[in-house]
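Input: a single structure, listed below in C-alpha coordinates.
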Amino acid sequence: MFCEKAVELVRELHRMSDGQLPAFNEDGIRQVLEEMKALYEQNQSDVNEAKTEGKSELIPSIKFRHCCLLRNQRCITAYLYDRLLRIRALRWEYGSVLPTTIRFHMCAEEVEWFNQYKKSLASYMRSLGGEEGLDITQDMKPPKS
Amino acid sequence: ANTEVYLKAVALRHMPPNLQSIDMLKAIPE
Amino acid sequence: TRSYMPVPPGVGTEENVFSLDDILLSQERLPCRTESVFPGLGFVDKSSDSRHIPEGTKMEIPLWLAKGLYERKRRVISVELPRVYREGWRTVFGADANVVDLHTMGPYYYGLGSQMLHFDSPENSEIAQCVLQTFIGRFRRTMDSSQNAYNEDTSVLVEKLDCLERALFRAGQSGLNAFQLWEKGL
(Lines give C-alpha, C1' and ligand atoms only; values in the text may rest on other atoms or scores of the structure.)
Protein backbone atom coordinates (compact mmCIF):
# COMPACT_ATOMS: atom_id res chain seq x y z
CA MET A 1 0.00 0.00 0.00
CA PHE A 2 1.22 3.48 -0.78
CA CYS A 3 2.24 6.12 1.76
CA GLU A 4 3.55 3.72 4.39
CA LYS A 5 6.99 5.31 4.52
CA ALA A 6 5.38 8.74 4.89
CA VAL A 7 3.30 7.62 7.87
CA GLU A 8 6.37 6.03 9.41
CA LEU A 9 8.02 9.48 9.46
CA VAL A 10 5.01 10.83 11.36
CA ARG A 11 5.04 7.91 13.82
CA GLU A 12 8.74 8.49 14.51
CA LEU A 13 7.93 11.97 15.81
CA HIS A 14 4.65 11.03 17.46
CA ARG A 15 6.48 8.49 19.65
CA MET A 16 8.57 11.35 21.09
CA SER A 17 5.73 13.23 22.68
CA ASP A 18 8.06 15.08 25.07
CA GLY A 19 9.44 17.30 22.30
CA GLN A 20 12.81 15.59 21.76
CA LEU A 21 14.35 16.16 18.35
CA PRO A 22 15.45 12.95 16.60
CA ALA A 23 17.97 12.95 13.75
CA PHE A 24 16.68 14.36 10.47
CA ASN A 25 15.40 11.48 8.38
CA GLU A 26 16.76 12.54 5.01
CA ASP A 27 16.54 9.03 3.62
CA GLY A 28 12.90 8.70 4.62
CA ILE A 29 11.99 11.95 2.92
CA ARG A 30 13.86 10.97 -0.19
CA GLN A 31 11.93 7.69 -0.38
CA VAL A 32 8.59 9.47 -0.05
CA LEU A 33 9.55 11.99 -2.76
CA GLU A 34 10.51 9.10 -5.04
CA GLU A 35 7.16 7.45 -4.47
CA MET A 36 5.44 10.74 -5.28
CA LYS A 37 7.40 11.01 -8.53
CA ALA A 38 6.37 7.49 -9.56
CA LEU A 39 2.71 8.09 -8.69
CA TYR A 40 2.68 11.37 -10.59
CA GLU A 41 4.27 9.87 -13.70
CA GLN A 42 1.80 7.01 -13.73
CA ASN A 43 -1.05 9.48 -13.36
CA GLN A 44 0.30 11.68 -16.16
CA SER A 45 0.30 8.67 -18.43
CA ASP A 46 -3.25 7.67 -17.45
CA VAL A 47 -4.55 11.23 -17.77
CA ASN A 48 -3.15 11.44 -21.32
CA GLU A 49 -4.69 8.11 -22.20
CA ALA A 50 -8.03 9.12 -20.71
CA LYS A 51 -8.00 12.38 -22.68
CA THR A 52 -6.76 11.11 -26.04
CA GLU A 53 -8.52 7.75 -26.09
CA GLY A 54 -11.56 8.68 -24.03
CA LYS A 55 -10.81 5.99 -21.42
CA SER A 56 -12.86 7.38 -18.56
CA GLU A 57 -12.57 4.04 -16.73
CA LEU A 58 -9.04 5.16 -15.74
CA ILE A 59 -10.44 7.99 -13.62
CA PRO A 60 -10.91 5.99 -10.38
CA SER A 61 -7.26 4.94 -10.46
CA ILE A 62 -6.14 8.48 -11.24
CA LYS A 63 -8.11 9.66 -8.22
CA PHE A 64 -6.62 6.90 -6.08
CA ARG A 65 -3.07 7.93 -6.95
CA HIS A 66 -3.90 11.61 -6.46
CA CYS A 67 -5.15 10.83 -2.93
CA CYS A 68 -1.85 9.07 -2.27
CA LEU A 69 0.10 12.07 -3.56
CA LEU A 70 -1.83 14.42 -1.27
CA ARG A 71 -1.27 12.06 1.64
CA ASN A 72 2.47 11.96 1.05
CA GLN A 73 2.58 15.75 0.76
CA ARG A 74 0.66 16.09 4.01
CA CYS A 75 2.86 13.63 5.92
CA ILE A 76 6.12 15.19 4.77
CA THR A 77 5.05 18.77 5.50
CA ALA A 78 3.60 17.78 8.89
CA TYR A 79 6.84 15.96 9.74
CA LEU A 80 8.94 18.96 8.79
CA TYR A 81 6.63 21.42 10.53
CA ASP A 82 6.53 19.44 13.76
CA ARG A 83 10.32 19.37 13.78
CA LEU A 84 10.32 23.16 13.47
CA LEU A 85 8.02 23.37 16.49
CA ARG A 86 10.48 21.25 18.44
CA ILE A 87 13.41 23.38 17.27
CA ARG A 88 11.53 26.55 18.20
CA ALA A 89 10.93 25.13 21.68
CA LEU A 90 14.68 24.55 22.01
CA ARG A 91 15.32 28.31 21.75
CA TRP A 92 13.12 28.79 24.83
CA GLU A 93 14.61 25.86 26.74
CA TYR A 94 18.30 26.20 25.92
CA GLY A 95 18.80 29.78 24.78
CA SER A 96 20.25 30.90 21.49
CA VAL A 97 23.19 28.50 21.44
CA LEU A 98 22.03 24.91 21.10
CA PRO A 99 23.99 21.93 22.45
CA THR A 100 26.13 20.25 19.79
CA THR A 101 24.30 16.94 20.15
CA ILE A 102 21.06 18.64 19.18
CA ARG A 103 22.56 20.61 16.31
CA PHE A 104 23.80 17.35 14.78
CA HIS A 105 20.19 16.23 14.53
CA MET A 106 19.25 19.26 12.42
CA CYS A 107 19.63 19.57 8.68
CA ALA A 108 21.30 22.67 7.22
CA GLU A 109 17.98 24.27 6.28
CA GLU A 110 16.66 23.76 9.81
CA VAL A 111 19.74 25.51 11.21
CA GLU A 112 19.01 28.38 8.83
CA TRP A 113 15.34 28.45 9.90
CA PHE A 114 16.46 28.52 13.54
CA ASN A 115 18.81 31.44 12.85
CA GLN A 116 15.98 33.38 11.20
CA TYR A 117 13.68 32.56 14.11
CA LYS A 118 16.24 33.81 16.61
CA LYS A 119 16.52 37.06 14.66
CA SER A 120 12.75 37.54 14.56
CA LEU A 121 12.51 36.85 18.28
CA ALA A 122 15.40 39.19 19.11
CA SER A 123 13.89 41.93 16.98
CA TYR A 124 10.56 41.50 18.75
CA MET A 125 12.16 41.57 22.21
CA ARG A 126 14.07 44.76 21.34
CA SER A 127 10.75 46.41 20.49
CA LEU A 128 9.44 45.80 24.02
CA GLY A 129 10.14 47.48 27.34
CA GLY A 130 11.52 50.82 26.18
CA GLU A 131 15.14 51.39 25.13
CA GLU A 132 16.68 48.24 26.56
CA GLY A 133 14.17 45.82 25.22
CA LEU A 134 12.88 42.89 27.29
CA ASP A 135 14.20 39.35 27.35
CA ILE A 136 10.99 37.40 27.60
CA THR A 137 12.81 34.06 27.47
CA GLN A 138 14.13 34.63 30.98
CA ASP A 139 12.22 34.04 34.20
CA MET A 140 9.66 31.81 32.61
CA LYS A 141 8.72 30.42 35.99
CA PRO A 142 7.62 32.82 38.70
CA PRO A 143 10.17 33.16 41.53
CA LYS A 144 9.54 31.01 44.64
CA SER A 145 8.72 34.05 46.71
CA ALA B 1 7.28 33.44 5.78
CA ASN B 2 10.40 31.82 7.23
CA THR B 3 8.55 28.53 7.54
CA GLU B 4 7.17 28.69 4.00
CA VAL B 5 10.61 29.35 2.57
CA TYR B 6 11.96 26.43 4.56
CA LEU B 7 9.24 23.97 3.48
CA LYS B 8 9.78 24.95 -0.15
CA ALA B 9 13.54 24.52 0.14
CA VAL B 10 13.46 21.09 1.78
CA ALA B 11 10.45 19.39 0.28
CA LEU B 12 7.85 21.23 -1.75
CA ARG B 13 10.05 22.13 -4.68
CA HIS B 14 11.02 18.46 -5.10
CA MET B 15 7.37 17.40 -5.39
CA PRO B 16 5.30 17.07 -8.56
CA PRO B 17 4.33 20.42 -10.12
CA ASN B 18 0.73 20.47 -8.87
CA LEU B 19 1.81 19.83 -5.27
CA GLN B 20 4.49 22.44 -4.81
CA SER B 21 2.48 24.75 -2.61
CA ILE B 22 0.54 24.38 0.59
CA ASP B 23 -2.06 26.75 1.99
CA MET B 24 -0.27 27.67 5.22
CA LEU B 25 -3.25 29.55 6.64
CA LYS B 26 -5.43 26.49 6.24
CA ALA B 27 -2.76 24.09 7.42
CA ILE B 28 -1.89 25.87 10.65
CA PRO B 29 -4.88 26.53 12.90
CA GLU B 30 -4.80 29.66 15.05
CA THR C 1 10.14 20.50 26.92
CA ARG C 2 7.22 22.61 28.03
CA SER C 3 7.64 24.93 25.09
CA TYR C 4 6.90 22.24 22.51
CA MET C 5 3.32 22.79 21.43
CA PRO C 6 2.36 20.38 18.64
CA VAL C 7 -0.53 21.13 16.33
CA PRO C 8 -3.61 19.80 18.14
CA PRO C 9 -6.11 17.45 16.48
CA GLY C 10 -9.16 18.95 14.80
CA VAL C 11 -12.51 19.14 16.53
CA GLY C 12 -15.50 17.06 15.46
CA THR C 13 -15.47 16.20 11.77
CA GLU C 14 -12.56 18.52 11.00
CA GLU C 15 -8.95 17.46 10.78
CA ASN C 16 -5.93 19.69 11.20
CA VAL C 17 -3.60 19.18 8.24
CA PHE C 18 -0.38 19.33 10.26
CA SER C 19 -1.65 17.47 13.32
CA LEU C 20 0.35 14.27 13.88
CA ASP C 21 -2.59 12.87 15.88
CA ASP C 22 -4.99 13.45 12.99
CA ILE C 23 -2.59 11.88 10.50
CA LEU C 24 -2.39 8.74 12.64
CA LEU C 25 -6.15 8.74 13.26
CA SER C 26 -6.75 8.89 9.51
CA GLN C 27 -4.53 5.84 9.10
CA GLU C 28 -7.23 3.68 10.73
CA ARG C 29 -8.74 1.16 8.34
CA LEU C 30 -12.36 0.94 7.34
CA PRO C 31 -14.24 -1.91 5.67
CA CYS C 32 -15.11 -0.77 2.14
CA ARG C 33 -16.43 -2.10 -1.11
CA THR C 34 -15.27 -0.89 -4.53
CA GLU C 35 -18.14 0.31 -6.70
CA SER C 36 -16.04 0.61 -9.83
CA VAL C 37 -12.95 -1.01 -11.34
CA PHE C 38 -9.54 0.42 -10.44
CA PRO C 39 -7.37 -0.38 -13.47
CA GLY C 40 -3.70 -1.08 -12.90
CA LEU C 41 -3.94 -1.12 -9.10
CA GLY C 42 -4.39 -4.84 -8.57
CA PHE C 43 -1.22 -5.05 -6.48
CA VAL C 44 -2.89 -2.97 -3.72
CA ASP C 45 -5.25 -5.85 -2.92
CA LYS C 46 -2.84 -8.48 -1.62
CA SER C 47 -5.42 -11.25 -1.73
CA SER C 48 -5.74 -10.97 -5.50
CA ASP C 49 -3.51 -11.74 -8.50
CA SER C 50 -5.34 -9.46 -10.86
CA ARG C 51 -3.85 -6.41 -12.56
CA HIS C 52 -6.94 -4.47 -11.62
CA ILE C 53 -9.07 -4.12 -8.53
CA PRO C 54 -12.45 -5.36 -9.74
CA GLU C 55 -15.76 -3.76 -8.90
CA GLY C 56 -17.32 -5.32 -5.82
CA THR C 57 -14.04 -6.03 -4.04
CA LYS C 58 -14.23 -5.91 -0.27
CA MET C 59 -11.15 -4.25 1.17
CA GLU C 60 -10.02 -2.46 4.27
CA ILE C 61 -8.69 0.92 3.28
CA PRO C 62 -7.34 3.73 5.46
CA LEU C 63 -9.70 6.56 6.40
CA TRP C 64 -7.69 9.15 4.44
CA LEU C 65 -8.15 7.19 1.23
CA ALA C 66 -11.80 6.45 1.92
CA LYS C 67 -12.45 10.18 2.44
CA GLY C 68 -10.52 11.06 -0.71
CA LEU C 69 -12.33 8.55 -2.92
CA TYR C 70 -15.82 8.85 -1.47
CA GLU C 71 -18.28 10.88 -3.51
CA ARG C 72 -21.89 11.43 -2.60
CA LYS C 73 -23.14 11.42 -6.19
CA ARG C 74 -20.83 9.03 -7.97
CA ARG C 75 -20.30 5.64 -6.45
CA VAL C 76 -16.59 4.87 -6.52
CA ILE C 77 -16.46 3.18 -3.13
CA SER C 78 -18.97 2.49 -0.43
CA VAL C 79 -17.88 2.57 3.20
CA GLU C 80 -19.29 0.22 5.80
CA LEU C 81 -19.65 1.11 9.42
CA PRO C 82 -17.03 -0.51 11.65
CA ARG C 83 -18.74 -2.87 14.12
CA VAL C 84 -18.33 -0.59 17.11
CA TYR C 85 -20.59 2.07 15.52
CA ARG C 86 -23.33 -0.31 14.47
CA GLU C 87 -26.66 -0.78 16.18
CA GLY C 88 -25.62 -3.81 18.25
CA TRP C 89 -22.72 -2.02 19.87
CA ARG C 90 -24.69 1.21 20.21
CA THR C 91 -27.14 -0.71 22.40
CA VAL C 92 -24.26 -1.87 24.60
CA PHE C 93 -23.00 1.68 24.95
CA GLY C 94 -26.50 2.84 25.78
CA ALA C 95 -26.78 0.26 28.57
CA ASP C 96 -23.47 1.08 30.25
CA ALA C 97 -20.71 2.84 28.36
CA ASN C 98 -18.27 2.36 31.27
CA VAL C 99 -17.92 -1.39 30.78
CA VAL C 100 -16.55 -1.15 27.25
CA ASP C 101 -12.83 -1.52 26.58
CA LEU C 102 -12.47 1.43 24.22
CA HIS C 103 -8.77 0.81 23.71
CA THR C 104 -9.43 -2.58 22.15
CA MET C 105 -12.58 -1.41 20.33
CA GLY C 106 -10.80 1.76 19.17
CA PRO C 107 -8.25 3.06 19.97
CA TYR C 108 -9.69 6.15 18.28
CA TYR C 109 -13.34 5.56 19.15
CA TYR C 110 -14.38 9.23 19.37
CA GLY C 111 -12.10 10.51 16.59
CA LEU C 112 -13.03 7.82 14.11
CA GLY C 113 -16.70 8.04 15.09
CA SER C 114 -16.68 11.74 14.23
CA GLN C 115 -14.94 11.07 10.93
CA MET C 116 -17.47 8.38 9.99
CA LEU C 117 -20.06 11.15 9.67
CA HIS C 118 -18.42 12.14 6.36
CA PHE C 119 -19.87 9.08 4.66
CA ASP C 120 -23.57 9.96 4.68
CA SER C 121 -24.76 6.85 6.45
CA PRO C 122 -28.51 6.88 7.21
CA GLU C 123 -27.41 6.07 10.77
CA ASN C 124 -25.29 9.24 11.12
CA SER C 125 -27.63 10.84 13.61
CA GLU C 126 -27.64 7.74 15.86
CA ILE C 127 -23.86 7.37 15.57
CA ALA C 128 -23.29 11.00 16.55
CA GLN C 129 -25.66 10.70 19.51
CA CYS C 130 -24.04 7.48 20.67
CA VAL C 131 -20.50 8.87 20.49
CA LEU C 132 -21.57 11.96 22.41
CA GLN C 133 -23.51 10.05 25.09
CA THR C 134 -20.68 7.58 25.50
CA PHE C 135 -18.27 10.41 26.15
CA ILE C 136 -20.63 11.97 28.67
CA GLY C 137 -21.11 8.63 30.39
CA ARG C 138 -17.41 7.88 30.75
CA PHE C 139 -15.95 11.33 31.26
CA ARG C 140 -16.65 11.54 34.98
CA ARG C 141 -14.78 8.36 35.79
CA THR C 142 -11.76 9.40 33.71
CA MET C 143 -11.65 12.78 35.39
CA ASP C 144 -12.09 11.40 38.93
CA SER C 145 -9.44 8.73 38.55
CA SER C 146 -6.95 11.17 37.01
CA GLN C 147 -7.42 13.53 39.97
CA ASN C 148 -7.08 10.84 42.63
CA ALA C 149 -4.21 8.70 41.43
CA TYR C 150 -1.13 10.41 42.83
CA ASN C 151 2.31 8.85 42.49
CA GLU C 152 1.01 5.39 41.63
CA ASP C 153 0.90 2.95 38.75
CA THR C 154 -1.97 4.09 36.54
CA SER C 155 -1.74 1.40 33.87
CA VAL C 156 -4.91 -0.37 35.06
CA LEU C 157 -6.82 2.93 35.09
CA VAL C 158 -5.94 3.78 31.48
CA GLU C 159 -5.92 0.38 29.82
CA LYS C 160 -9.53 0.56 28.68
CA LEU C 161 -9.49 4.21 27.65
CA ASP C 162 -9.44 5.38 24.05
CA CYS C 163 -6.80 7.89 22.88
CA LEU C 164 -8.86 10.99 23.60
CA GLU C 165 -9.63 9.77 27.12
CA ARG C 166 -5.96 8.98 27.70
CA ALA C 167 -5.03 12.51 26.68
CA LEU C 168 -7.63 13.85 29.14
CA PHE C 169 -6.29 11.54 31.84
CA ARG C 170 -2.75 12.79 31.24
CA ALA C 171 -3.96 16.40 31.41
CA GLY C 172 -5.65 15.62 34.74
CA GLN C 173 -2.52 13.95 36.10
CA SER C 174 -0.38 16.86 34.97
CA GLY C 175 -2.62 19.27 36.87
CA LEU C 176 -2.66 17.04 39.95
CA ASN C 177 1.13 16.72 40.01
CA ALA C 178 1.61 20.46 39.54
CA PHE C 179 -0.77 21.17 42.41
CA GLN C 180 0.99 18.70 44.70
CA LEU C 181 4.35 20.31 43.94
CA TRP C 182 2.91 23.73 44.67
CA GLU C 183 1.41 22.56 47.97
CA LYS C 184 4.84 21.31 49.03
CA GLY C 185 6.41 24.63 48.12
CA LEU C 186 8.43 23.08 45.30
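Every chain is numbered from 1, with letters handed out A, B, ... down the list of sequences.
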A/P60 and C/V37, any side-chain heavy atoms less than 4.5 Å apart: no
Checking heavy atoms, do the side chain of A/R88, its backbone, both or neither come under 4.5 Å from chain C? side chain
Check whether any side-chain heavy atom of C/M5 lies under 4.5 Å from a side-chain heavy atom of A/L85, and answer yes or no. no
Heavy-atom pair with the smallest gap, counting every atom of C/I23 and A/R74: CG1-NE, 3.6 Å
By the definition side-chain hydrogen bond (donor to acceptor under 3.5 Å, both in side chains), identify the one residue from A/E4, A/R71, A/R11 that meets it with C/Q27. A/R71
Could you walk me through whether A/E57 and C/H52 pass the side-chain contact (heavy atoms from CB on, under 4.5 Å) test, one step at a time? CA-CA 11 Å; A/E57 64 271 20; C/H52 316 302; over 6 Å; no
Of the backbone (N, CA, C, O) and the side chain (C-beta and beyond), which part of A/C68 lies under 4.5 Å from a heavy atom of chain C, both, or neither? both
Is the shortest heavy-atom distance from the side chain of C/V76 to the side chain of A/I59 under 4.5 Å? no
Just how far is it from atom CE of A/M140 to atom CZ of C/R2, taken to the nearest 0.5 Å? 6.0 Å
Within the supplied structure, the quantity of interest is the number of heavy atoms (other residues, nucleotides, ligands) at a distance under 6.0 Å from C/E87 CD; does it exceed 12? no
Would the number of heavy atoms belonging to other residues, nucleotides or ligands and lying under 6.0 Å from CZ of A/R103 be above 12? yes
Between C/T34 and chain A, with a heavy-atom cut-off of 4.5 Å, which part of the residue counts as in contact: side chain, backbone, both or neither? neither
C/F38 CZ to A/L58 CG distance, which is reported to the nearest 0.5 Å: 12.0 Å
Assert yes or no for the condition that the ring centre distance of A/F2 to C/F43 is strictly below 6.0 Å. yes
Which atoms of A/F64 come close to chain C, meaning under 4.5 Å heavy atom to heavy atom: side chain ones, backbone ones, both, or neither? both
Could you tell me which of C/V7, C/L24, C/V44 has the largest number of non-hydrogen atom pairs under 4.5 Å with chain A? C/L24
Look at atom CD of C/E183 and say whether more than 12 heavy atoms of other residues, nucleotides or ligands are closer to it than 6.0 Å. yes
Just checking A/E26: does its CD atom have more than 12 heavy atoms from other residues, nucleotides or ligands closer to it than 6.0 angstrom? no
Chain C interface, residue from A/A6, A/S61, A/C75 that has the most non-hydrogen pairs under 4.5 Å: A/S61
Distance-only side-chain donor-acceptor flag, C/S3 / A/R91, under 3.5 Å: no
Could you measure the distance from the OH atom of C/Y4 to the CG atom of A/D18? Nearest 0.5 Å is fine. 9.0 Å
Nearest 0.5 angstrom please: A/C67 SG to C/L65 CG, how far? 5.5 Å
Do other residues, nucleotides or ligands put more than 12 heavy atoms under 6.0 Å from C/R141 CZ? no
Neighbour count above 12 (heavy atom, 6.0 Å) for C/K160 NZ: no
Student check: side-chain heavy atoms of A/M1 and C/P62 closer than 4.5 Å: yes
Select one option (side chain, backbone, both, neither) describing which atoms of C/E55 are under 4.5 Å from chain A's heavy atoms. neither
C/D45 versus chain A, the contacting section by heavy-atom distance below 4.5 Å: neither
So, do C/L20 and A/E12 sit near enough that their side-chain heavy atoms are less than 4.5 Å apart? no
